[in-house]
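So the structure is just underneath, and the comments pick up after that.
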Amino acid sequence: MPTDPVARFLAALDPDHRDAVSARPREEQERLAEDWERELSTDTDLDTLDELSPSAAEAEAARRVLGER
């Protein structure tokens with residue numbers, strides 16, 4: 001599992017979004033990764049999903065972050 005926040009965020013995305021986000025400037029990727037980590041840590045709905053499937057929770061948080069942009 002990658003330890004770099006951007007790499008972890010990219011890994012949580014579906015392939016189409018991963019390619020699109022990878023094409024963005026590194027600073028924007030870092031901001032998205034920070035938003036993603038904040039979403040994971042603050043959204044209580046994701047806590048339950050994380051207990052059942054951590055990768056599903058990460059993917060859901062990634063979808064939410066991209067939906068906000």
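Any value given below was found using the heavy atoms of this structure, including those in side chains, with hydrogens, waters and symmetry copies removed. Numbers here simply count residues along the sequence, with the first being 1. If you're wondering where the values come from, they're calculated on a predicted model, not measured in any experiment.
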Report task. Report the C-alpha separation of Val6 and Arg26 in whole Å, then their side-chain angles, then the decisive distance to 0.1 Å, and conclude whether the side chain to side chain contact (heavy atoms under 4.5 Å, CB included) test is met. Result -> CA-CA 9 Å; Val6 172; Arg26 178 68 185 191; 3.6 Å; yes
Requested in this report: Not counting sequence neighbours, which residues clear side chain to side chain contact (heavy atoms under 4.5 Å, CB included) with Ala61? List them please.
Outcome: Trp36, Glu39, Leu40, Leu46
Query raised in the report: Mind checking what makes side chain to side chain contact (heavy atoms under 4.5 Å, CB included) contact with Ala59, not counting sequence neighbours?
Result: Arg63
Report summary line: On a heavy-atom basis, the closest approach of Arg38 and Asp35 is NH2-OD1, 2.6 Å
Query - For Asp43, all residues meeting side-chain hydrogen bond (donor to acceptor under 3.5 Å, both in side chains), sequence neighbours excluded - result: Arg64
**Report entry** Residues which pass side-chain hydrogen bond (donor to acceptor under 3.5 Å, both in side chains) with Arg18, listed by chain and number, not counting sequence neighbours
**Finding:** none
Requested in this report: Show your working on side chain to side chain contact (heavy atoms under 4.5 Å, CB included) between Leu32 and Gln29 and close with a plain yes or no.
Outcome: CA-CA 5 Å; Leu32 287 168; Gln29 292 178 31; 5.6 Å; no
Requested in this report: Check side-chain hydrogen bond (donor to acceptor under 3.5 Å, both in side chains) between Glu34 and all other residues, then give those that pass, not counting sequence neighbours.
Outcome: none
Requested in this report: For the pair Glu58 (side chain) and Phe9 (backbone), establish whether a donor and an acceptor sit closer than 3.5 Å, ignoring hydrogens and angles.
Outcome: no
Report summary line: The salt bridge (Lys or Arg N to Asp or Glu O under 4.0 Å) partners of Glu37 (sequence neighbours excluded) come to Arg8
